[in-house]
Amino acid sequence: MTRLIEWLLDLENIRLGRDAPLLLKWESEYAGWMLLGFALAALAWVTLTYRRERTSRGRRLALAVVRCSVIALVVAMLCRPSLVLQRNRVETSHVAVVLDTSLSMATRDSYADETKAATIARGAGLDEPATVHDHSRLELVQAAITRDKAASLERLLEHNAIQLYTFSGAVEPQSYADSAAALAPLAEAVRSVKAEGMSTDLARAIRQVIDKAQGRRLAAVILASDGRSTQPTSLKDALDLAAGRQIPIFPLRIGSPDPVRDIEVGPVRAQDGVFVNDILA
């Protein structure tokens, strides 16, 4: 029977099955009570017409059936029927992990609050809180993402693929993983990122990540940055774009509230030898 339907409807190249049911859909804008009233009126008119015919009962019945069929066909055409072949396909969504690689991420912060330093050390998987001062912002982010054999990335891969991006001015794709087998190369790609960019444009990065999804389901954006945007772009517009497409953004904020001491001892010029009580320039 299925083969016959496929042949009659020219669907031989589309195999029907349990996973692809063929449905009849009516796209009529008419209300149901209007169609029912029209059908009853047409039936009454056909009945009254053939009751007056002076011919055999079988002939009248046959003609009435033919006329009712024609009227039903016209009504069906007005209702704009269409065949809908429904197929369900599950596509894996992906999470964008976006790392800021501007020069400011190479800064080594000082933390006056020992409690904050201990919290950051614990998050980055460092043994001693004092070693936080020896790591740059980017190095702390890399350590936090890849700690415990990249356990955080492994948990993400249980339900989503992962696309790694870096950005300073523009976004650059680095590595893609869609299974646990690709976890090691992904973690290595995270560790190999360097902070060498000359600018920071958070808004542009968010927009480009969304645009690069290219029809794939983007489940979330994980954005690691110190937040020091150097471009006059509107971050609010980028966030509104993400909200409009129902894409949550999870920021990994890195950096210390304590200002960095920017002190440098420059070249010193002085005489090699000087007498006692002489003035030394």
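The model shown is predicted, which means the values in this text are computed figures rather than measured ones. Along the sequence shown, the residues carry numbers beginning at 1.
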Over all atoms of both residues, closest heavy-atom pair of Ala121 and Val132: CB-CG2, 3.5 Å
Test question: given the 4.5 Å side-chain rule for I, L, V, M, F, W and Y, name all other residues clustered with Phe275, or answer none. none
Tell me the closest heavy-atom pair linking Ala161 and Thr92, and the distance in Å. N-CG2, 3.8 Å
If you link ILVMFWY side chains whenever their heavy atoms are less than 4.5 Å apart, which other residues fall into the same cluster as Val98? By chain and number, please. Tyr165, Phe167, Val171, Leu202, Ile206, Val209, Ile210, Leu218, Val221, Leu223, Leu235, Leu239, Leu241, Ile247, Ile249
Listed by chain and number, what are the side-chain contact (heavy atoms from CB on, under 4.5 Å) partners of Ala151, not counting sequence neighbours? Asp148, Arg155
Taking side-chain hydrogen bond (donor to acceptor under 3.5 Å, both in side chains) as the test, write out the residues that go with Ser93, two or more places apart. Asn160
Atom CD of Gln174 and atom OG1 of Thr101: how far apart are they, to the nearest 0.5 Å? 8.0 Å
Verdict with supporting geometry, Leu126 and Leu140, side chain to side chain contact (heavy atoms under 4.5 Å, CB included): CA-CA 9 Å; Leu126 303 178; Leu140 290 174; 4.0 Å; yes
Is there a donor-acceptor pair closer than 3.5 Å between any side-chain N or O of Ser136 and the backbone N or O of Glu139? yes
Minimum heavy-atom distance between Arg122 and Arg147, given as atom pair plus value: O-NH1, 2.6 Å
Might you confirm whether atom CD of Glu188 has over 12 heavy atoms from other residues, nucleotides or ligands at distances under 6.0 Å? yes
Would you list the pairs meeting side chain to side chain donor-acceptor pair (under 3.5 Å) in which at least one residue belongs to residues 191-205, sequence neighbours left out? Ser102-Thr200, Asp201-Thr233
Taking only residues at least two apart or on different chains, which pairs with a member in residues 217-227 satisfy side chain to side chain donor-acceptor pair (under 3.5 Å)? Asp100-Ser225, Ser104-Asp226, Arg137-Asp226
For Ser234, which residues count as a side-chain hydrogen bond (donor to acceptor under 3.5 Å, both in side chains) partner, sequence neighbours excluded? Asp237
Ser256 side chain to Asp109 backbone, donor-acceptor under 3.5 Å: no
Test item: Ile279 and Val274 side chains (from C-beta on) under 4.5 Å apart, heavy atoms: no
Minimal heavy-atom distance between Ser175 and Ala189, with the atoms involved, is CB-CB, 3.7 Å
Going from OG1 on Thr131 to CD1 on Ile120, what distance comes out if it is rounded to the nearest 0.5 angstrom? 11.0 Å
So which heavy atom on Ala224 is nearest to which on Val141, and how close? CB-CG1, 3.7 Å
For Gln271 and Leu280, what are the C-alpha separation, side-chain angles and deciding distance, and is it a side chain to side chain contact (heavy atoms under 4.5 Å, CB included)? CA-CA 8 Å; Gln271 295 173 265; Leu280 173 66; 4.2 Å; yes
Nonpolar side-chain network containing Leu103, other nodes, edges under 4.5 Å: Met198
For Asp178, the side-chain hydrogen bond (donor to acceptor under 3.5 Å, both in side chains) test, sequence neighbours excluded, returns none
How far apart are the C-alpha atoms of His133 and Arg108, what are their side-chain angles, what is the distance that settles it, and do they pass the side chain to side chain contact (heavy atoms under 4.5 Å, CB included) test? CA-CA 6 Å; His133 308 282; Arg108 296 184 179 183; over 6 Å; no
Mind checking what makes side-chain contact (heavy atoms from CB on, under 4.5 Å) contact with Pro185, not counting sequence neighbours? none
For Ala144 against Ser152, the heavy-atom pair lying closest together: O-OG, 4.3 Å
Which distance, rounded to the nearest 0.5 Å, do you find between the CG of Leu186 and the CD of Gln163? 9.0 Å
Pairs where residues 243-254 contributes a residue and the test side chain to side chain donor-acceptor pair (under 3.5 Å) is met, not counting sequence neighbours: none
With sequence neighbours left out, write down each residue that passes side-chain hydrogen bond (donor to acceptor under 3.5 Å, both in side chains) with Lys236, or none if nothing qualifies. Asp240
